K.L.:
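The following block contains the structure, expressed as structure tokens.
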Amino acid sequence: MRSYNKTMAVLVVASLIVIVCRVSADLERFEQTTKGDGTLRFLVVGDWGRRGEFNQSQVASQMGRIGEEMDIDFVVSTGDNFYDNGLKGVEDPNFVESFTNVYTHKSLQKQWFSVLGNHDYRGDAVAQLSPLLRKIDTRWLCLRSFVVDAEVAELFFVDTSPFVEEYFTSPGDHVYDWRDVYPPKTYTSHLLKDLELELKNSKATWKIVVGHHAIRSVSHHGDTQELVDQLLPILEANDVDLYLNGHDHCLQRISDTKSPIQFLTSGAGSKAWRGDVNTTNGQGLEFFYDGQGFMSVELTQSDITVVFYDVFGAILHRWTMFKSVLHSIV
Ligand SMILES: *[C@@H]1O[C@H](CO)[C@@H](O)[C@H](O)[C@H]1NC(C)=O
Ligand SMILES: *[C@@H]1O[C@H](CO)[C@@H](O)[C@H](O)[C@H]1NC(C)=O
């Protein structure tokens with residue numbers, strides 16, 4: 001009886017710990033209402049805020065046209081929202097000049113979900129997260145890490161800059177706004193735990209993870225080794241379908257070698273044409289474009305279609321995948 005009580009006590013304590021952990025795994029969640037017909041359509045753009053320059057305005061107007069054709073539900077930004085050094089504060093006119101005044105088409109007057117890029121951390125990173133910006137332009141929503149439940153798909157936004165050791169060990173001339181991130185190892189380990197829990201609990205047909213830095217890339221920055229080592233195993237173990245990123249100023253699609261994950265780079269919202277490609281580590285490379293453009297995603301319960309467009313809105317690459325029936329039942 002005594003040892004039974006002891007066992008019970010241990011069990012109660014253990015489950016309390018589990019409850020506490022569950023509660024502290026608090027990535028903020030948002031419900032995105034959709035058209036209710038089981039489809040979801042959105043655009044993805046990254047590395048864009050340059051007051052319309054470097055073809056940003058041309059990309060924006062084609063996003064508007066395609067957004068209207070598709071009747072999109074929202075837009076995803078993969079970070080590096082404002083160049084060169086993020087925003088100076090919530091009053092920085094760069095916000096209106098590079099966002100509000102550029103993405104003017106009526107089809108783009110939808111919710112935008114954004115993560116921070118490394119350039120955003122070189123300014124007042126906290127300003128981009130501020131509800132004050134949402135008052136200036138109600139489309140804006142940028143947080144460090146969060147989850148969007150969009151019925152047929154769930155999107156998991158991950159703050160990837162704090163994973164990159166080089167920004168801490170050799171920042172060069174750059175000053176990063178690491179408020180609320182220090183110490184980075186603690187920050188990233190909590191983040192990975194939270195993400196893993198959210199992915200495990202997700203009942204969505206499609207799981208999409210969004211970050212600024214590439215896991216796999218054949219362009220300028222190459223693979224982000226910290227993400228290959230720490231983030232990728234979690235995505236592979238939890239049936240993630242897509243990983244969306246920016247950082248490299250190009251468009252690309254790479255298939256994972258160990259899982260069905262597709263690595264999709266949409267980081268071509270303004271300055272591009274770097275001419276810096278190295279396919280030595282190019283396993284799984286399916287498509288690469290060095291110029292400006294953006295990407296669209298269309299999902300139903302059974303299939304997903306991804307399309308890449310150039311600065312004229314011409315289709316560069318289209319890819320469709322079907323979800324196996326077995327997978328959707330399980
Ligand atoms: C704008 O896009 C056109 C067409 O791709 C390209 O020729 C031109 O170099 C681009 N401009 C800049 C500044 O990248
Ligand atoms: C290309 O990548 C490989 C392996 O990642 C590296 O060894 C090589 O030096 C790179 N080439 C150039 C020209 O940067």
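Numbers here simply count residues along the sequence, with the first being 1. One-based numbering, in listed order, for ligands and for the atoms of each. Quick caveat: nothing in here was measured; it's all calculated off a predicted structure.
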K.L.:
Is it true that K185 and E165 make a salt bridge, defined as a side-chain N closer than 4.0 Å to a carboxylate O?
P.N.:
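Salt bridge between K185 and E165, a charged N being under 4.0 Å from a carboxylate O: yes.
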K.L.:
Name the one of K200, R29, K207 that satisfies salt bridge (Lys or Arg N to Asp or Glu O under 4.0 Å) with E154?
P.N.:
R29
K.L.:
Using a strict 4.0 Å cut-off to heavy atoms of Q292, name the atoms of ligand 1 that fall inside it.
P.N.:
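Those of ligand 1 that fall under 4.0 Å from Q292 are 1 (C), 2 (O), 10 (C), 12 (C), 14 (O).
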K.L.:
Mark up the atoms of ligand 1 that fall under 4.0 Å of a heavy atom belonging to V311, in ascending order.
P.N.:
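With V311 as reference, the close atoms of ligand 1 come out as 2 (O), 4 (C), 5 (O).
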K.L.:
Is any NZ, NE, NH1 or NH2 atom of the basic residue among D137 and R139 found under 4.0 Å from an Asp or Glu carboxylate oxygen of the other?
P.N.:
yes
K.L.:
Quick one: list whatever passes side-chain contact (heavy atoms from CB on, under 4.5 Å) with T104, sequence neighbours left out.
P.N.:
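Testing T104 for side-chain contact (heavy atoms from CB on, under 4.5 Å), a comparison that skips the adjacent residues, returns none.
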K.L.:
Sequence neighbours left out, what passes salt bridge (charged side-chain N to carboxylate O under 4.0 Å, His left out) with K203? Give chain and number order.
P.N.:
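Testing K203 for salt bridge (charged side-chain N to carboxylate O under 4.0 Å, His left out), a comparison that skips the adjacent residues, returns none.
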K.L.:
Using a strict 4.0 Å threshold on nitrogen-to-oxygen distance, state whether R274 and D248 make a salt bridge.
P.N.:
no
K.L.:
May I have the list of side-chain donor-acceptor pairs in residues 265-272 shorter than 3.5 Å, sequence neighbours left out?
P.N.:
from: T265; atom 1: OG1; to: N245; atom 2: ND2; distance (Å): 3.1
from: T265; atom 1: OG1; to: Q252; atom 2: NE2; distance (Å): 3.1
from: S266; atom 1: OG; to: V44; atom 2: O; distance (Å): 2.8
from: S270; atom 1: OG; to: D47; atom 2: O; distance (Å): 3.1
from: S270; atom 1: OG; to: W48; atom 2: O; distance (Å): 3.2
from: S270; atom 1: OG; to: R50; atom 2: NE; distance (Å): 2.9

K.L.:
Looking at N55, which atoms of ligand 1 are within less than 4.0 Å of one of its heavy atoms?
P.N.:
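Checking each atom against N55, I get 1 (C), 2 (O), 3 (C), 8 (C), 10 (C), 11 (N), 12 (C), 14 (O).
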K.L.:
Is any NZ, NE, NH1 or NH2 atom of the basic residue among D37 and K35 found under 4.0 Å from an Asp or Glu carboxylate oxygen of the other?
P.N.:
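Salt bridge between D37 and K35, a charged N being under 4.0 Å from a carboxylate O: no.
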K.L.:
Determine whether the side chain, the backbone, both or neither of K271 has a heavy atom under 4.0 Å from any heavy atom of ligand 1.
P.N.:
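The answer is neither.
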K.L.:
Could you list which atoms of ligand 1 come closer than 4.0 Å to a heavy atom of F312?
P.N.:
4 (C)
K.L.:
Name the residues with a heavy atom less than 4.0 Å from ligand 2?
P.N.:
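Contacting ligand 2 under 4.0 Å are N278, T280, N281.
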